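First up is the structure itself, then whatever we jot down about it.
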Amino acid sequence: MKVMRGYFYGLEEQITNIEKWSQDKFVVFNHEAGTGKSTETHRIIGEMTKSQAHRVLYVQKFLKDDELNNTVEVINRHAGRKVAVSYSGEDTRKVKAKELLIDRQVICITHQMYIQICKGEHQYLVEERDILIIDEYPDLLEKLSISSNEIGQLWTECNKWDVPDIEEWALTLRNLMDEITACHQEMKFIDFAENRYRLVQMIKSAIGRLNDKRSNGYKGILQKSLQLIKNGGFLFEDSFHTFDGNQQFVLLKNNIILDANAGFDSRYELCERFNIRKQDKAFEYARDTLHHIQVKTTKKGIQKFNELIQEAMKRIQIDGKSGILFVTDKANVEKLRQEIIGFFSPYGTNIEEIEERMKCKLSIDYFGNIIGVNHYREYDCVVLLKTPHYDYLTYALTYHYYKSMNQQPIDDVQLFKHQEVEEIRRSTVAGEMYQAIKRVNRDNSRLTVVYVFTDYQEAVDMVVKQLPNIRYIKTDFNGTKQKDGRDYDNTRRIDRSKKRKAELILLEAKGSGKPSIRKKELRDQLEITNGSGLSHLMKRLEPFLKEHGISLIGQRIVFQNNLKDLENNDLNESA
């Protein structure tokens, strides 16, 4: 299904209209995955360069598969000339590479390069740039840990280097460990605010005195100590944990993030750096089915991964499928491949032979490697064989990072009971699942079947909400269908599809430069048979009309400042 260009009207305005710009916040757009937000953004940037001189830094997730150069090519095609250039880590080592950037209106880089900019490196990439556009959420969190063993190393070696400050710091950390009762279910937050200035100066002095190359390893521990003192950190499992506070978001005059997960990703709600512009759903999924198989997919839950795969293979209907994407964790990719080959061994000895005999593509990928990937767009089935959890410390430090950015107090974190950390965990897992599901049937033109093997009901609920009208079937690992009190039926939904179609038609007409359109024209496109039906719809559209400067005058729908132009026209023509 082709998404109408009007769906991206707000994004285009944010990029091109200087009155919409925000220099102290990111404006975050959550256009639905698969609607072509990246492609549309490339078009908008390219066409903008024909009439505006705004200089753009465009950031995307991947360099692999020549994707960065493909982005440059598309932008240049829409611009009608070479306005864009790619710049990667390899280019930083090339002679005169920087000179290529001077006259280019658009520079395209990866997330990794942007993170380096946020560390203070490669500042020439942001000099005299106006617009920052980041495709997908950029994860700036870098965890730092100081273990009990490292504290012991400092203690042992302090006399060797004749730096008594190191002994004092090691003793401080050791005393904290001894004072706080060990608890494997709680992360205790340690704040060094009272002695922060003195401790920072003491550690900096110690680093300056360690000039011997043999002391580089201890310098690293002390550098981490500086971050622990400045940020505070959690004491958990015989280590202190914090983050690299030097990595902070760099912003320009106009800052945009494109992230389909933003409508439910709780990280955006933790600080005031983000302004989310929530978008309506463009697709509906009444033809599709999501099979939720209730099963623990942790190492303890499934002792033998092959048992899970064998059960999954029995459930999947292969006949009639164009392609099936299997998603697991990185560690199990090869094991999954071998299990699939073994299951389909009558059809061939490798994936390629099996695909040829079965007339169905079979692909394996892993969580963390698939966001933004379009290789599987023609597939019509996806199987999630792992719950995409990070370690709990990552969720806690994410909470710490964003709350600190907003200068808010940090609490101790009790595992699986801290409300904000649990929201981060739930939305992060749901985000990974949703992105994996949306790798297939990208244009929503095929009947799709989804299989999710997990016991994380709350994350599945969140995913189902992102797939309007999808048929949801829940069973346990033994195949028994479970009753579920949640109702995902169509009858609970107001007819939002016609309302959304009307919004897109009006934005399309407004964007084309028309001063107005007749109400009858809108009625015909919406297949509404009578005037009262349209009146009812327009009543529901009142907030939208007000937001976009659209007025109803007689039998016409008038855009922006075109009222005077229509004063002398006959506005009372029949519908």
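Treat the numbers as computed from the prediction; the structure is a model and nothing was measured. Values reported hereafter were calculated over all heavy atoms of this structure, with side chains retained and with hydrogens, waters and symmetry mates removed.
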Specify whether [X] and [Y] have parallel, tilted or perpendicular ring planes, treating 30° as the upper limit for parallel and 60° as the lower limit for perpendicular.
{"X": "W169", "Y": "F192", "value": "tilted"}
{"X": "F249", "Y": "F274", "value": "perpendicular"}
{"X": "F8", "Y": "H31", "value": "tilted"}

Over all atoms of both residues, closest heavy-atom pair of [X] and [Y]:
{"X": "T242", "Y": "G233", "value": "CB-CA, 4.3 Å"}
{"X": "D412", "Y": "K188", "value": "OD2-NZ, 2.9 Å"}
{"X": "Q408", "Y": "L270", "value": "OE1-O, 3.9 Å"}

Looking only at side-chain N and O atoms, does [Y] offer a donor or acceptor that is under 3.5 Å from a partner on [X]?
{"X": "Y366", "Y": "N332", "value": "no"}
{"X": "Q466", "Y": "K438", "value": "no"}
{"X": "E339", "Y": "Q310", "value": "yes"}
{"X": "D178", "Y": "N175", "value": "no"}
{"X": "Q338", "Y": "E334", "value": "yes"}
{"X": "Y268", "Y": "N261", "value": "no"}
{"X": "E420", "Y": "S266", "value": "no"}
{"X": "E142", "Y": "Y401", "value": "no"}
{"X": "Q248", "Y": "K119", "value": "no"}

Worksheet entry | ring-ring contact (aromatic ring centres under 6.0 Å, His included) evaluation trace for Y58 with H42 | CA-CA 9 Å; Y58 182 83; H42 302 159; 5.2 Å; yes

Discussion item. I'd like to check L144 versus F243 (side-chain heavy atoms, cut-off strictly below 4.5 Å). Are they in contact?
Written reply: no

Practice prompt. Would you indicate whether the side-chain heavy atoms of N275 and F26 approach each other to under 4.5 Å?
Written response: no

Worksheet item: Y395 and E423: side-chain hydrogen bond (donor to acceptor under 3.5 Å, both in side chains), yes or no, with the steps?
Response: CA-CA 9 Å; Y395 304 128; E423 287 174 358; over 6 Å; no

Any side-chain to backbone donor/acceptor pair from [X] onto [Y]? Under 3.5 Å, distance only.
{"X": "N255", "Y": "L251", "result": "no"}
{"X": "S147", "Y": "E150", "result": "yes"}
{"X": "Y87", "Y": "L125", "result": "no"}

Item to complete: Might you work through the ring-ring contact (aromatic ring centres under 6.0 Å, His included) test for Y392 and F236, ending with a clear yes or no?
Response: CA-CA 11 Å; Y392 207 84; F236 180 62; 8.4 Å; no

Practice prompt. Using the ring pair (Phe, Tyr, Trp, His ring centres under 6.0 Å) rule, pick out the option among H418, H241, H400 that qualifies with F234.
Written response: H400

Worksheet item: Are Y472 and H291 close enough that their ring centres sit under 6.0 Å apart?
Response: no

Worksheet item: Between V106 and I45, is a side chain to side chain contact (heavy atoms under 4.5 Å, CB included) present by the stated rule, with each step listed?
Response: CA-CA 8 Å; V106 183; I45 294 171; 3.7 Å; yes

Worksheet entry | Those residues that, when tested against T110, pass side-chain contact (heavy atoms from CB on, under 4.5 Å) (two or more places apart) | L63, L68, Q112, M113

Discussion item. Under the rule for side-chain contact (heavy atoms from CB on, under 4.5 Å), what residues qualify as partners of E90, not counting sequence neighbours?
Written reply: S88, R93

Discussion item. Checking V59 against H111 for the side chain to side chain contact (heavy atoms under 4.5 Å, CB included) test, could you report, in this order, the C-alpha distance in whole Å, the side-chain angles of both residues, the deciding distance, and whether it holds?
Written reply: CA-CA 6 Å; V59 185; H111 277 206; 3.6 Å; yes

Fill in: Result of checking N254, D130, L252 against H54 for side-chain contact (heavy atoms from CB on, under 4.5 Å)
D130

Practice prompt. Carefully, step by step, assess L258 and L11 under the rule side chain to side chain contact (heavy atoms under 4.5 Å, CB included).
Written response: CA-CA 9 Å; L258 312 173; L11 173 61; 3.7 Å; yes

